Structure formats: C-alpha cells, structure tokens
Amino acid sequence: MKKTGSRPWETDAPIRVGISACLLGQLVRYDGTHKHDPFLTGTLGRYVEWVPVCPEVEIGLGVPRPTLRLEWREKEVALIMPSEDRDLTSIMRRFAARRIKDLMEADICGYVLKKNSPSCGMERVKVYKPEGQPGGIFADVLLQKMPYLPVEEEGRLHDPRLRENWITRIFAFHRLKTLWASRWTLQDLVAFHTAHKYLLLAHSPQHYKTLGQLVAQAKDFSRAELKSRYEAEFMTALKRLATPAKNCNVLQHMLGFFKKDLPEDVRKEIREAIEEYRQGIVPLIVPITLIAHYARRLQIEYLLDQVYLSPHPKELALRNHV
C-alpha cells in the first residue's frame, strides 16, 4: 500500500466499494435488464473500484428468472419465489455470510444497494402477509456483519445531503483503514484524530468529545480494543448528518485563526459568506473556499491539515449542493 504523504493514513491505494451489479449496467435483474446509475459509474467511478455483487445470480438463479418477494412465514421474514412456492431464505443467508466474508477480505470501504430489492434493499422493502418494511435478506446480513460500513441505497443518493454524507464516510473509512494497516503508533492516532477534528465536530460534537477522551486514555487499552472502540465511535459520528448549524459553528471556529492576520474587511466578507450559507442563500462550498484560500495564503498549517476542508475530491462537487 503506497503512501502519498508523511501521514500514515494517506495512500493512493484503490478505494473498493461493494455495489449491486445491476447499478453498473450489468444485465442481471429478474427481467434481464439493468438499473445503470450514471453518477455512480461515470462520476464516483473515477475515484473508487467497484466490487459488483448480484446475490440472486450468485446463488444460481438464472437471467431472466421468476420474481422473488419477502413474506412473513412462521414469525420471520422469508425470501420466497412465489411461482414455485420456494423458500430461498436459508440459501441466501448462507451465501451472504460467505460473500460478505470475501468482501471484508477485499477491504471494502462502502456499499451501495439496489432499493426495493428483496435481497439487496436496505429498508422499506415490501413484505407480504402481514404488511411490513424491513430490508432485503442479503442487505440484512451485510448490515449485521459490517455495522460500521458506509451503506446506502442508490435511490437515497439522489438526496444531495445523504450523497455527500455517504461519500464523506467512504473516504474517511478508507483513511482509517489505511492507518490501521500501517505500523501505527499512538502519536499517529493522535495526529489522525486532530486532522479530523472539524469534520467530526460538523457531524457530532458529542462523539468528538468521546473520541478525544478515548485517545487521552489510550494507554489503558490494548491496541486491538483501542482500534475497535475508536473505529466504532468514529464511523458512528460521521453517520450523523452535518447540519448548517454545526457547519457554521465549525466555520466560525476556523475563522478565529485569522483574527491577527486578516484585516477586518476580509474577515467580514468571510462572516457574511458563513451567514449566507446559514440562510441557504449560498452552498457550503462558498465559505469553505474562502477559508481554504486564506489558510493557504497565510500558511496556517493547522487548518491546512484539517480534512474538513477537503474530505473528498473537489471534482465530485458535492458541497456545491449542500
């Protein structure tokens, strides 16, 4: 794993992301069609390495094939092929356990599922007799086995805030996994935590506080326990949506670094951009760009080291829409 900088979490290694194969344009759906998603393949695909999965094909069902659906049977949700009254629940769960083990070994950093699928849907999948809306069978096992993996449905990714949050988590998880894969020291973890300070505060100030306490008490834990606890809190924190109020709080803190070095009229311009973002007049990228510009101009290393200013490639333009 080649490092790209002095920090042990920087690397040019591929970011692997699991995906329902039909979203890549593969003709694997029950009717022989696909559900190609241009954003995932054409835009995000430049920055990740997709790991396609079609659970229904991979358990041996053909293309095309009879439809599947979820039904309540004997007090549990079952995966049923109604045309043959065939129960595929156990087959799918055994497959899912094996396939997800492979995905864990492939070190995936995220997953995007096909909405409404009885195998891949994450939530609100229709269940027959009685009514209910749990997730698909494969998705259920995935979420159980990899609880901190950034997982979303492709339908929800049409929401700019959910899309930005999910992609932020993918890149953050990749950085954290890269740190764990190195010969990391407590000093490295402190540096990682410091670099993610404002990103964490924008998502969950409470989790940032808890993580700070964990790092401060790091010597009380084994490396394995420290790693496990930090990862759980870190990924749980980032799952919380960054709100305009929390972003503005972070931006105001960052503006404080310019108090002695920027004239009042320039600081006023930045404050006005922050307020316009708060009011929804301009997107987040506007105050972020101003702060990043002056941080570079004044060479304020603490700010330049903050992941918050660039948590994902700017070419994705995610903050242009939140």
Side-chain angles (χ1 to χ4, degrees), residues 110 123 148 150-153 155-173 175-176 192-215 230-262 264-296 298 300 302-314 316-322:
E123 55 186 29
Y148 305 115
V151 179
E152 268 296 358
E153 291 182 330
R156 284 166 52 89
L157 293 179
H158 295 158
D159 181 318
R161 291 181 67 201
L162 295 179
R163 182 170 63 239
E164 198 272 339
N165 176 268
W166 178 67
I167 293 175
T168 293
R169 287 187 286 143
I170 286 173
F171 281 86
F173 203 22
R175 288 190 296 272
L176 185 59
F192 178 91
H193 182 67
T194 301
H196 288 79
K197 173 182 177 177
Y198 288 126
L199 185 66
L200 288 165
L201 284 173
H203 288 262
S204 177
Q206 183 55 51
H207 281 90
Y208 171 72
K209 181 180 178 181
T210 302
L211 284 163
Q213 293 170 343
L214 178 63
V215 172
Y230 190 91
E231 182 173 307
E233 289 289 330
F234 182 79
M235 295 309 299
T236 300
L238 295 184
K239 194 171 184 179
R240 302 275 185 93
L241 288 178
T243 64
K246 287 183 287 189
N247 276 320
C248 285
N249 183 56
V250 165
L251 293 167
Q252 293 286 0
H253 274 87
M254 299 182 100
L255 179 58
F257 282 83
F258 302 132
K259 189 173 183 179
K260 296 180 180 179
D261 299 308
L262 284 182
E264 171 57 24
D265 62 324
V266 177
R267 285 186 282 123
K268 181 182 178 183
E269 178 187 13
I270 300 174
R271 285 197 300 271
E272 289 175 348
I274 294 172
E275 181 58 29
E276 288 175 350
Y277 161 67
R278 186 196 301 273
Q279 295 176 15
I281 299 171
V282 300
L284 179 57
I285 192 62
V286 174
I288 287 282
T289 299
L290 283 171
I291 287 176
H293 168 73
Y294 287 110
R296 287 192 300 269
L298 298 170
I300 302 176
Y302 188 84
L303 291 184
L304 293 175
D305 285 343
Q306 287 297 315
V307 171
Y308 178 79
L309 292 178
S310 186
H312 35 61
K314 63 182 179 181
L316 292 173
L318 299 173
R319 285 175 161 175
N320 293 33
H321 307 286
V322 296

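Just so you know, these numbers come straight off a predicted model, no measurement behind them. What's counted below: heavy atoms across the whole structure, side chains too, no hydrogens, waters or symmetry copies.
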- Residues pairing under side chain to side chain donor-acceptor pair (under 3.5 Å) where one sits in residues 245-258, two or more places apart or in two chains, turn out to be Asn247-Tyr277, Asn247-Tyr308
- Item | Phe234: ring pair (Phe, Tyr, Trp, His ring centres under 6.0 Å) partners, not counting sequence neighbours | Phe192, His196, Tyr230
- Message: Restricting to side-chain contact (heavy atoms from CB on, under 4.5 Å), what partner residues turn up for Glu231, sequence neighbours left out?
- Response: Phe173, Leu176, Trp180, Met235
- Message: Once rounded to the nearest 0.5 Å, what's the spacing between atom CG of Leu284 and atom SG of Cys248?
- Response: 8.5 Å
- Query: With sequence neighbours excluded, what pairs up with Tyr208 under the ring pair (Phe, Tyr, Trp, His ring centres under 6.0 Å) test?
  - Reply: His193
- Note on the structure: Taken in chain and number order and not counting sequence neighbours, the residues that satisfy salt bridge (Lys or Arg N to Asp or Glu O under 4.0 Å) with Arg271 are Glu264
- Query: Under 6.0 Å from the CZ atom of Phe257, do we count more than 12 heavy atoms belonging to anything else shown?
  - Reply: yes
- Task: With side chain to side chain contact (heavy atoms under 4.5 Å, CB included) as the test, would you mind laying out the steps for Val322 and Arg163 before giving the verdict?
- Result: CA-CA 10 Å; Val322 296; Arg163 182 170 63 239; over 6 Å; no
- Query: Who are the side-chain contact (heavy atoms from CB on, under 4.5 Å) partners of Val286, not counting sequence neighbours?
  - Reply: Ala273, Val282, Pro283
- Query: Which residues pass the side-chain hydrogen bond (donor to acceptor under 3.5 Å, both in side chains) test with Tyr294, sequence neighbours left out?
  - Reply: none
- Asn165 side chain to Arg161 side chain, donor-acceptor N/O pair below 3.5 angstrom: no
- Only pairs at least two apart or in different chains count here, so list each salt bridge (charged side-chain N to carboxylate O under 4.0 Å, His left out) that has a residue in residues 201-213. none
- Taking all atoms of both residues into account, what is the closest heavy-atom pair of Arg267 and Leu262, and its distance? NE-O, 3.0 Å
- Message: Among Pro311, Ser310, Pro313, which residue satisfies the side chain to side chain contact (heavy atoms under 4.5 Å, CB included) criterion with Phe171?
- Response: Pro313
- With Glu164, which residues qualify under side-chain hydrogen bond (donor to acceptor under 3.5 Å, both in side chains), at least two apart? Thr168, His312
- Message: Suppose we screen for side-chain hydrogen bond (donor to acceptor under 3.5 Å, both in side chains). Which residues come up paired with Glu275, at least two apart in sequence or across chains?
- Response: Arg278, Gln279
- Message: Test of understanding: with side-chain contact (heavy atoms from CB on, under 4.5 Å), list the residues that count as partners of Ser204, not counting sequence neighbours.
- Response: Gln206, His207, Ala237, Arg240
- Message: List the residues meeting salt bridge (Lys or Arg N to Asp or Glu O under 4.0 Å) with Glu152, not counting sequence neighbours, and say none if there are none.
- Response: Arg156
